[in-house]
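First up is the structure itself, then whatever we jot down about it.
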Amino acid sequence: MAACVARRISRELLRPSWLSSRHTTAGLWASERCSPLLTNARSYCVEKPPPSIPENLRYASSHEWVLLSDDKKTAKIGITDFAQRELGDIVFVDVEVNNESLGKGETFGSLEAVKTVADLVMPCDGEVINVNSAVTSEAVLINQDPYGDGWLAEMTVSDPRQLNELLDSKAYRAQIS
């Protein structure tokens, strides 16, 4: 019975006359931000909440975030909520360096998602001093908590002034909008 109902609904979706404003919520059926859900042969549009962008972090245009410690000498690095949503389910983390100095823009590892691989880029000059072993063994932490348990590496910052060149939360929000 359920298969018959699903087939009937699928055929109905293909018929343009069925797609009228009375069957959509706020006319958002065709919006990229919506997912159609069918319940009792009526459609509803559910928007995903916007990505989280904490104000206490700095952001690289390559979607890494930086949290400078109180001593202003070390910082944690991770990827943003926006980036992890775009990548989808992250299945493998490879941070290639530890106790190695790298320049701004250099690759320090990669993330493998179900359908793609993304490079991790240093947001400023420094030395990677610690790699989060929790995410290397359980990559899903990045999807679950990108600003908490999902951090990737800790580094010493060579020149804290470079952090001023990174985006604040307002500028990063504008970039991804």
Side-chain angles (χ1 to χ4, degrees), residues 25 28 31-39 43-100 102 104-157 160 162-163 165-177:
T25 301
L28 295 173
S31 172
E32 293 178 356
R33 299 178 301 172
C34 295
S35 303
L37 299 175
L38 295 176
T39 306
S43 64
Y44 296 90
C45 179
V46 179
E47 285 197 42
K48 291 181 182 179
S52 172
I53 304 173
E55 295 197 13
N56 63 326
L57 304 176
R58 301 298 283 187
Y59 300 91
S61 58
S62 56
H63 307 290
E64 286 85 13
W65 57 261
V66 178
L67 175 63
L68 192 61
S69 65
D70 292 335
D71 67 5
K72 308 277 191 238
K73 294 180 182 175
T74 61
K76 284 188 178 176
I77 308 169
I79 66 162
T80 65
D81 187 29
F82 174 80
Q84 68 84 17
R85 287 180 185 201
E86 291 294 308
L87 287 170
D89 294 332
I90 298 170
V91 295
F92 185 72
V93 177
D94 180 25
V95 178
E96 303 164 351
V97 296
N98 200 1
N99 297 319
E100 191 173 323
L102 296 171
K104 179 179 179 177
E106 289 188 64
T107 301
F108 71 93
S110 63
L111 297 176
E112 184 177 329
V114 174
K115 295 183 180 181
T116 189
V117 175
D119 286 334
L120 298 169
V121 179
M122 287 290 283
C124 59
D125 296 343
E127 178 182 348
V128 176
I129 57 172
N130 187 18
V131 175
N132 185 357
S133 61
V135 297
T136 57
S137 62
E138 198 173 346
V140 71
L141 287 173
I142 297 169
N143 292 111
Q144 294 171 346
D145 189 12
Y147 300 114
D149 293 337
W151 62 274
L152 297 166
E154 192 171 11
M155 65 178 288
T156 57
V157 179
Q162 285 184 335
L163 297 177
E165 298 170 10
L166 297 175
L167 305 171
D168 62 10
S169 61
K170 186 177 178 181
Y172 184 69
R173 187 173 285 108
Q175 177 187 313
I176 65 173
S177 294

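The first residue in the sequence is number 1, and the count goes up from there.
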Handout entry: Validation row: L57, L67 side chains within 4.5 angstrom (heavy atoms)
Key = yes

Exercise for the section: Would you check, one step at a time, whether the test side chain to side chain contact (heavy atoms under 4.5 Å, CB included) holds for E112 with D94? Expected result: CA-CA 8 Å; E112 184 177 329; D94 180 25; over 6 Å; no

Problem - Short side-chain to backbone donor-acceptor contact, D145 and G150, under 3.5 Å - result: no

Problem - D71, CG: over 12 other non-hydrogen atoms inside 6.0 angstrom - result: yes

Exercise for the section: Tell me, with the steps shown, if K73 and T156 meet side chain to side chain contact (heavy atoms under 4.5 Å, CB included). Expected result: CA-CA 6 Å; K73 294 180 182 175; T156 57; 6.0 Å; no

Handout entry: Student check: side-chain heavy atoms of M155 and C124 closer than 4.5 Å
Key = yes

Problem - E64 side chain to I77 backbone, donor-acceptor under 3.5 Å - result: no

Problem - Side chain to side chain, V131 and F108, heavy atoms closer than 4.5 Å - result: no

Handout entry: Non-neighbouring partners of Y59 that pass ring pair (Phe, Tyr, Trp, His ring centres under 6.0 Å), sequence neighbours left out
Key = Y172

Handout entry: Flag side-chain contact, heavy atom, 4.5 Å: P51 against R85
Key = yes

Practice task
Please check if any side-chain donor atom of Q144 sits under 3.5 Å from a side-chain acceptor atom of D149, or the reverse.
Solution key: no

Problem - Check: D168 side chain, E55 main-chain N or O, donor-acceptor pair, under 3.5 Å - result: no

Exercise for the section: Would you check if T80 and I53 make a side-chain contact, meaning some heavy-atom pair closer than 4.5 Å? Expected result: no

Problem - Polar side-chain atom of N132 near backbone of W151 as donor-acceptor pair, under 3.5 Å - result: yes

Practice task
May I ask you to test the E86-H63 pair for a side-chain heavy-atom distance under 4.5 Å?
Solution key: no

Problem - Main-chain N/O of D81 paired with S52 side-chain donor or acceptor, under 3.5 Å - result: no

Exercise for the section: Indicate yes or no: at least one non-hydrogen side-chain atom of I142 is less than 4.5 angstrom from one of L152. Expected result: yes

Exercise for the section: List the steps, then state whether side chain to side chain contact (heavy atoms under 4.5 Å, CB included) holds for V128 with M122. Expected result: CA-CA 9 Å; V128 176; M122 287 290 283; 4.1 Å; yes

Handout entry: Main-chain N/O of T74 paired to E154 side chain as donor or acceptor, under 3.5 Å
Key = no

Exercise for the section: Answer whether the closest heavy-atom distance between the side chains of I90 and V135 falls below 4.5 Å. Expected result: no

